[in-house]
Amino acid sequence: MTSSPRPARARPRSKRPMPAPAADPTRDIAFDILCGVVEHRRMLETSLARSAQTHEAEPRDRAAAHRLAAATLRHMGTLRAVLEPFLRKEPPEPVRAALMLGAAQLLFLETPPHAAVGTTVDLLRRRGLAPFAGLANAVLRKIAGSGASVLDGLDQPRLDIPAWLWSSWSGLGAGVPRTIAAGISTEASLDITLRPGAAAPEGGLLLPNGSWRYPAGTRVVDLAGYEQGAFWVQDAAATLPARLLAVHEGEKVADLCAAPGGKTAQLAVTGAQVTAIENNPARMARLQENLERLGLSVNTVQADACTWQPDAPLDAILLDAPCSATGTARRHPDVLWVKRPRDLTALTAAQDRLLAAARDMLRPGGRLIYAVCSLQEEEGPARARAAQAMGLVPTPFTPDELSMLPEALTPEGWLRTHPGFWPDLGGMDGFFAARFIRPA
């Protein structure tokens with residue numbers, strides 16, 4: 001009996017190596033930014049500068065990366081909640097960051113599903129996280145298939161604000177934290193302040209305080225008059241402290257902690273003799289560049305405002321002190337996730353040192369405005385009370401001075417704005433300001 005021939009063995013197919021993912025500087029930079037914020041508590045702008053891809057990217061890619069990262073940070077609590085039901089176990093933080101970038105594109109940036117899913121898978125492969133590419137593909141496809149329904153039942157305003165901030169903002173009034181969260185939830189518009197006599201570029205909206213507002217995403221360098229120094233960028237709320245200092249031509253005035261220079265410019269166009277103090281070399285360079293573009297004559301001094309002394313006592317001082325910057329979360333949503341309660345201890349101590357130094361620079365009867373772009377009690381009202389304990393005499397703001405924004409006037413005569421103001425106009429940053437005089 002003859003045996004039948006054995007069937008030929010099929011030759012194993014050689015695995016073709018997967019092609020390398022295409023370069024995508026927008027997602028790579030956004031990923032670096034998000035990882036910097038979440039893993040290292042590094043501010044967005046710092047992470048942007050440190051991203052290796054940033055140095056090779058075109059300006060449009062950097063801008064797109066900034067927008068993608070900011071949108072993800074603005075909705076990060078919601079995105080974490082959306083992802084949770086689709087994850088059997090906690091992924092490594094960089095993988096979660098990539099998933100949040102993909103989900104943000106699907107839910108908040110109207111990116112086509114195939115692009116949001118595909119670019120996230122490619123991002124993981126480029127960044128040495130290929131074993132998680134299948135997970136990203138499956139999770140993001142499910143989210144894309146469900147659409148906006150994955151947001152049903154989620155308290156997005158509450159999720160998107162860290163608990164300690166939500167609790168602290170409750171002291172501003174019933175319902176205020178939710179109002180602030182609503183103001184933070186959308187991308188901020190571009191506000192500019194015009195030089196006296198300059199014409200506003202086309203396409204803007206005149207705000208009650210005199211600022212001009214342009215749609216979010218507007219490139220300031222593209223506005224007519226930028227190169228000629230017709231205006232400078234400044235949030236509407238940020239214009240108020242210098243305005244309320246009410247300096248006059250010829251007065252000797254100091255702007256402490258002056259960069260980037262919007263308030264310095266406001267003081268300078270009045271004809272006052274302005275000295276701008278800035279300790280940080282990089283910020284000083286930016287201040288000088290801005291003043292040069294505007295063609296304003298200002299004495300700039302790189303020095304620690306706590307130790308600098310004027311040649312003669314000053315008539316007025318604007319102290320916009322370094323702070324937690326929680327009031328700027330519309331423009332800088334990273335502050336929500338980078339700042340911590342314990343940061344306030346060092347910040348408030350520095351604010352008190354600056355207040356004491358400013359007091360000693362003033363002539364008897366000289367005016368001081370203390371301001372912070374913070375929503376925190378410790379940096380605002382508590383510092384105003386500390387200033388009084390130092391011997392400075394409060395001079396409350398009046399309803400007439402804040403007639404364009406009456407809701408910002410507190411019972412104590414302080415200024416308090418937050419991102420929930422002017423909701424129909426696009427909101428504003430959060431600021432606190434108080435005015436004092438040095439007694440004779």
Side-chain angles (χ1 to χ4, degrees), residues 18-39 44 51 53 57 60-161 181-182 184-187 216-217 333-334 336-337:
M18 294 189 68
D24 188 346
T26 293
R27 271 81 179 184
D28 278 324
I29 295 170
F31 178 75
D32 288 341
I33 291 172
L34 195 57
C35 288
V37 171
V38 173
E39 293 190 272
L44 186 155
S51 172
Q53 283 76 19
R60 64 176 180 274
D61 292 321
R62 292 196 293 270
H66 189 291
R67 181 169 181 259
L68 172 54
T72 305
L73 291 164
R74 196 171 280 119
H75 301 287
M76 192 157 75
T78 294
L79 292 169
R80 285 181 178 273
V82 165
L83 290 169
E84 186 176 2
F86 299 105
L87 300 172
R88 294 181 181 178
K89 60 181 181 179
E90 292 291 313
E93 205 60 59
V95 175
R96 187 191 297 275
L99 291 172
M100 287 193 293
L101 288 172
Q105 292 174 79
L106 290 169
L107 298 173
F108 300 111
L109 293 176
E110 300 181 348
T111 304
H114 71 276
V117 176
T119 56
T120 304
V121 169
D122 286 348
L123 170 65
L124 289 168
R125 289 172 57 202
R126 277 195 310 275
R127 305 312 285 266
L129 298 167
F132 296 95
L135 171 70
N137 184 66
V139 168
L140 294 179
R141 282 183 180 276
K142 289 176 182 177
I143 292 173
S146 300
S149 67
V150 297
L151 301 172
D152 292 347
L154 296 180
D155 187 353
Q156 293 184 59
R158 182 66 189 83
L159 288 167
D160 290 334
I161 305 297
I184 292 171
S185 67
T186 56
E187 188 177 0
D334 45 316
L336 299 172
W337 308 103

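FYI, side chains are in, hydrogens and waters are out, and symmetry mates aren't considered; it's all heavy atoms of this structure.
Atom CG in L101 sits 11.5 Å away from atom OG1 in T26 (nearest 0.5 Å). Atom CZ in F108 sits 5.0 Å away from atom CG in L151 (nearest 0.5 Å). Between the CD atom of Q105 and the CG atom of L68 there is a distance of 5.0 Å, given to the nearest 0.5 Å. Note that the CG atom of L109 and the CD atom of E187 stand 8.5 Å from one another [nearest 0.5 Å]. Here the OG-CD distance, from S185 to Q156, works out to 8.5 Å after rounding to the nearest 0.5 Å.
Using a 4.0 Å cut-off between a side-chain N of Lys or Arg and a carboxylate O of Asp or Glu, R80 and E93 qualify as a salt bridge. We find that R127 and D28 are joined by a salt bridge, their nearest charged nitrogen and carboxylate oxygen being less than 4.0 Å apart.
Minimum heavy-atom separation, A57 to D61: CB-CB, 4.1 Å. Nearest approach of A69 to I33, heavy atoms of both residues: CB-CG2, 3.6 Å. Smallest separation of non-hydrogen atoms from P333 and A70: CG-O, 3.5 Å. Considering every non-hydrogen atom in both L159 and A81, the closest pair reads CD1-CB, 4.0 Å. Residues C35 and A97 approach most closely at SG-CB, 4.0 Å, considering heavy atoms.
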For a side chain to side chain contact (heavy atoms under 4.5 Å, CB included) check, start with the C-alpha distance between I143 and V82, then their side-chain angles and the critical distance, and finish with the verdict. CA-CA 8 Å; I143 292 173; V82 165; 3.9 Å; yes
Please report the C-alpha distance between H75 and L107 in whole Å, then the side-chain angles of each, then the deciding distance to 0.1 Å, and finally whether the side chain to side chain contact (heavy atoms under 4.5 Å, CB included) criterion is met. CA-CA 10 Å; H75 301 287; L107 298 173; over 6 Å; no
Hey, mind stepping through L135 and V139 against side chain to side chain contact (heavy atoms under 4.5 Å, CB included) and telling me if it holds? CA-CA 6 Å; L135 171 70; V139 168; 3.8 Å; yes
Would D152 and S149 count as a side chain to side chain contact (heavy atoms under 4.5 Å, CB included) here? Give the steps. CA-CA 5 Å; D152 292 347; S149 67; 3.8 Å; yes
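Of the residues listed (T72, L73, V95), the one engaging M100 in a side-chain contact (heavy atoms from CB on, under 4.5 Å) is T72, and it is the only one. Put simply, the residue from L79, T111, L140 that forms a side-chain contact (heavy atoms from CB on, under 4.5 Å) with L106 is L140.
At distances below 3.5 Å, not a single donor-acceptor pair connects side-chain atoms of R27 with backbone N or O atoms of A30. Distance alone, capped at 3.5 Å, is enough to place a donor-acceptor pair between the D334 side chain and the L44 backbone. Between the side chain of W337 and the backbone N or O of V38, no donor-acceptor pair lies under 3.5 Å.
Side-chain atoms of P92 and F132, non-hydrogen and from C-beta on, do get closer than 4.5 Å to each other. By the 4.5 Å heavy-atom criterion applied to side chains, R74 and L336 are not counted as neighbours. Between D24 and L123, the closest side-chain pair of non-hydrogen atoms is not below 4.5 Å. Looking only at side-chain heavy atoms (C-beta outward), F31 and S51 stay at 4.5 Å or farther from each other.
The neighbour count for R141 CZ, taken as heavy atoms of other residues, nucleotides or ligands under 6.0 Å away, does not exceed 12.
Counted by atom type alone, D160 and T78 present one or more donor-acceptor pairs between their side chains at under 3.5 Å.
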